[in-house]
There are 2 protein chains.
Amino acid sequence: MTMTSMSPDLQDIDVPALTPAMALAGDTVRPSGSLHDELLVGLRDYIVEGHLADGARIPERQLCERFGISRTPLREALKVLAAEGLIELLPNRGARVRQLDAEELRELFDVMGGLEALAGRLACEHISDAEVAEIERVHHDMYRFYLRREMHGYFQCNQAIHRMIVEAAGNAALSATYASFAGRIRRVRYSANLAKERDRWGEAMREHELILDALRRRAGSELSDILFLHLRNKRRAAQAETLA
Amino acid sequence: MTMTSMSPDLQDIDVPALTPAMALAGDTVRPSGSLHDELLVGLRDYIVEGHLADGARIPERQLCERFGISRTPLREALKVLAAEGLIELLPNRGARVRQLDAEELRELFDVMGGLEALAGRLACEHISDAEVAEIERVHHDMYRFYLRREMHGYFQCNQAIHRMIVEAAGNAALSATYASFAGRIRRVRYSANLAKERDRWGEAMREHELILDALRRRAGSELSDILFLHLRNKRRAAQAETLA
DNA sequence: GTCGATCTTTTTGCATTCATTTTTTGGGAA
DNA sequence: TTCCCAAAAAATGAATGCAAAAAGATCGAC
């Protein structure tokens with residue numbers, strides 16, 4: 001199994017899947033549920049979606065007006081987001097969007113890799129033939145997009161596959177943790193050198209062949225390795241681009 | 001590599017290591033840092049240490065008096081702990097210590113296994129000969145405790161080894177996540193059937209031989225597998241006890 | 001003109017207060 | 001006695017108020 005220079009898997013770089021979603025971002029509307037929870041989700045999306053500049057200061061007052069609430073629930077939400085690692089809270093100096101340097105980004109990617117590796121391993125224990133067939137179907141769709149060089153469709157399929165693997169693991173704690181890390185990485189905007197990525201596209205596609213094959217054979221340990229290296233190489237490619 | 005009925009690794013069941021520590025639990029003293037952060041650490045330890053009954057309701061007022069603060073910072077801390085999964089916040093019905101059923105415990109153990117697997121893999125990439133030698137030294141200490149049937153010393157060494165592996169991974173995000181999950185599991189009190197565990201002790205010891213061997217050879221993928229199964233079997237033994 | 005200090009303004013951290021919901025309690029009827 | 005409903009008590013969710021710290025502005029010295 002040689003996979004030393006795999007493609008970055010463009011898709012999940014841009015949309016690492018499994019985010020809580022449901023953006024009410026900046027809207028005063030709150031359909032149901034407690035105010036705090038709605039605010040938390042809304043604020044998280046607001047930040048993940050990149051509405052706030054990287055490293056920019058976040059005045060509480062401004063966000064209060066933005067969301068139409070008082071400071072108390074906002075501050076509670078900020079504390080949670082800080083604990084999640086999305087923002088940082090400097091003592092007496094307010095909140096700011098957490099800036100990720102290359103090293104931190106490397107760490108997050110590796111953890112994502114570890115989580116996907118775990119997901120693959122667990123999926124092999126539980127997944128049904130029907131679920132594998134479903135992934136296979138999306139895989140073939142993805143391949144067609146690849147042949148037609150339609151990146152967007154390819155991205156969607158790729159994302160769906162990774163999401164399905166995580167879901168197939170049947171572990172809520174894993175899904176939640178994965179979603180959290182995906183959100184943190186999602187903020188990073190890759191000034192994607194598309195031409196460069198296209199060169200690696202073929203390798204990414206071959207990688208996914210390996211993934212599907214291991215999944216079919218329920219080879220958990222092997223799939224675990226593949227997925228980790230998959231993410232590792234994706235990170236390498238992504239960082240090579242941004243730093244080039 | 002057969003490791004189907006490994007020992008539960010008594011040690012890290014009881015003390016899964018890497019917790020933030022620094023228990024001021026219930027003391028009004030706060031040496032330095034912001035009040036909120038100190039409170040958060042103190043409250044987390046207070047809960048992790050098991051001072052609150054499982055599933056018990058947590059009246060805010062009572063905790064406020066306990067820590068000598070008003071409800072605002074306390075509620076902020078509770079929101080964070082809820083996000084961490086340590087407690088649950090029912091709308092309008094307050095906080096209670098999160099009760100873990102067998103299924104959730106299984107999930108947490110599997111994620112811990114995945115994180116340790118990742119740690120082992122990363123450690124193999126970075127670890128120096130000196131660090132391996134250090135782990136080896138503790139391993140031998142542990143072996144001596146095993147021969148003398150001194151469980152406490154064995155526990156300490158075992159814990160130290162796992163902690164050193166995670167640290168050797170050199171990934172702060174991983175360490176933090178690992179610590180969080182360790183805290184959640186740590187609350188679970190195992191009515192340890194020690195006699196039963198002693199029977200599996202030998203296998204646990206042999207398991208650690210495999211871990212050390214893989215680490216020496218920097219066999220990341222292999223170590224990854226061993227550590228995951230190690231945790232998996234530990235969980236099996238632990239649950240077999242509590243449910244027996 | 002630039003640098004530095006002091007005063008003002010803004011912002012943060014926490015306590016307190018208010019409204020709403022839940023829980024408890026007390027009384028009455030079957 | 002037991003069950004049920006209403007009222008009181010308590011707890012939660014959120015807003016406001018206040019003191020302290022930081023950011024910004026104004027003035028003065030060099």
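Here is how names work: the chains are called A, B, and so on, in the same order as the sequence lines, proteins then strands, and each is numbered from 1. We use all heavy atoms of the structure for the numbers below, so side chains are in, but hydrogens, waters and symmetry mates are not.
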A.B. asks: Let's see if you can work this out: which of C/dC14, D/dG13, D/dA14 has an atom nearest to the side-chain heavy atoms of A/Arg75?
C.D. replies: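 So the side chain of A/Arg75 is nearest to C/dC14.
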A.B. asks: Run the salt bridge (charged side-chain N to carboxylate O under 4.0 Å, His left out) test on A/Glu103 and A/Arg106 for me, step by step, so that the C-alpha distance in whole Å, both residues' side-chain angles and the decisive distance to 0.1 Å come before the verdict.
C.D. replies: CA-CA 5 Å; A/Glu103 170 64 11; A/Arg106 183 190 66 78; 2.8 Å; yes
A.B. asks: Can you check the A/Leu89 CG to C/dT11 P distance for me, whole Å?
C.D. replies: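 Answer to the nearest Å: 16 Å.
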A.B. asks: How long is the line joining CG of B/Leu40 and C1' of C/dG13, in whole Å?
C.D. replies: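 Going from CG in B/Leu40 over to C1' in C/dG13 covers 15 Å.
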A.B. asks: With heavy-atom distances below 4.5 Å as the criterion, would you say the side chains of A/Leu115 and A/Leu231 are in contact?
C.D. replies: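 No. Closest side-chain heavy atoms not under 4.5 Å.
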A.B. asks: Can you check the A/Leu63 CG to C/dT11 C1' distance for me, whole Å?
C.D. replies: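 From A/Leu63 CG to C/dT11 C1': 13 Å.
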A.B. asks: Rounded to whole angstrom units, what separation is found between the CD1 atom of A/Ile69 and the P atom of C/dA19?
C.D. replies: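 Value for this atom pair: 20 Å.
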A.B. asks: Consider the side chain of A/Glu60, meaning its heavy atoms from C-beta on, and name the nucleotide among C/dG13, D/dT12, D/dA15 that approaches it most closely.
C.D. replies: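 Nucleotide nearest to A/Glu60's side chain: C/dG13.
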A.B. asks: So that I can tick it off, tell me whether A/Asp110 and B/Arg121 are bridged by a salt bridge, with the cut-off set at under 4.0 angstrom between side-chain N and carboxylate O.
C.D. replies: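 Salt bridge: no.
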A.B. asks: Whole-Å distance between D/dG13 P and B/Arg61 CZ?
C.D. replies: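 Taking CZ of B/Arg61 and P of D/dG13, I get 14 Å after rounding.
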A.B. asks: Which comes earlier along DNA chain D counting from the 5' end, the contact point of B/Thr72 or that of B/Gly94, where each point is its nearest nucleotide?
C.D. replies: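 The residue mapped nearer the 5' terminus is B/Gly94.
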A.B. asks: Do you know which two heavy atoms are closest between A/Ser175 and A/Val166, and how far apart they sit?
C.D. replies: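 So the minimum-distance heavy-atom pair works out to OG-CG1, 3.9 Å.
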A.B. asks: Given atom CD of B/Glu76 and atom P of D/dG13, what is their separation to the nearest angstrom?
C.D. replies: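 So the two atoms are 14 Å apart, to the nearest Å.
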A.B. asks: Answer whether the closest heavy-atom distance between the side chains of B/Arg235 and B/Leu105 falls below 4.5 Å.
C.D. replies: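 Counting from C-beta outward, B/Arg235 and B/Leu105 never come under 4.5 Å.
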A.B. asks: Check whether any side-chain heavy atom of A/Met142 sits under 4.5 Å from a side-chain heavy atom of A/Gln156, and report yes or no.
C.D. replies: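 No. Closest side-chain heavy atoms not under 4.5 Å.
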A.B. asks: For A/Glu60, which of A/Arg66, A/Arg96, A/Arg75 qualifies under salt bridge (charged side-chain N to carboxylate O under 4.0 Å, His left out)?
C.D. replies: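 Of the listed options, the one satisfying the test is A/Arg75.
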A.B. asks: In whole angstroms, how far is the C1' atom of C/dC14 from the CG atom of A/Leu78?
C.D. replies: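 Atom-to-atom, A/Leu78 to C/dC14, this comes out as 15 Å.
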A.B. asks: Between C/dA15, C/dG13, D/dG13, which one does the side chain of A/Arg71 approach most closely?
C.D. replies: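 Selected nucleotide (nearest to the side chain): C/dG13.
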A.B. asks: Detail all sub-3.5 Å separations between protein N/O atoms and N/O atoms belonging to nucleotides 21-25 of chain D.
C.D. replies:
| from | atom 1 | to | atom 2 | distance (Å) |
| --- | --- | --- | --- | --- |
| D/dA23 | OP1 | A/Arg93 | NE | 2.8 |
| D/dA23 | OP1 | A/Arg93 | NH2 | 2.7 |

A.B. asks: Whole Å only: how far is the CD1 atom of A/Ile58 from the P atom of C/dT10?
C.D. replies: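 These atoms are roughly 21 Å apart.
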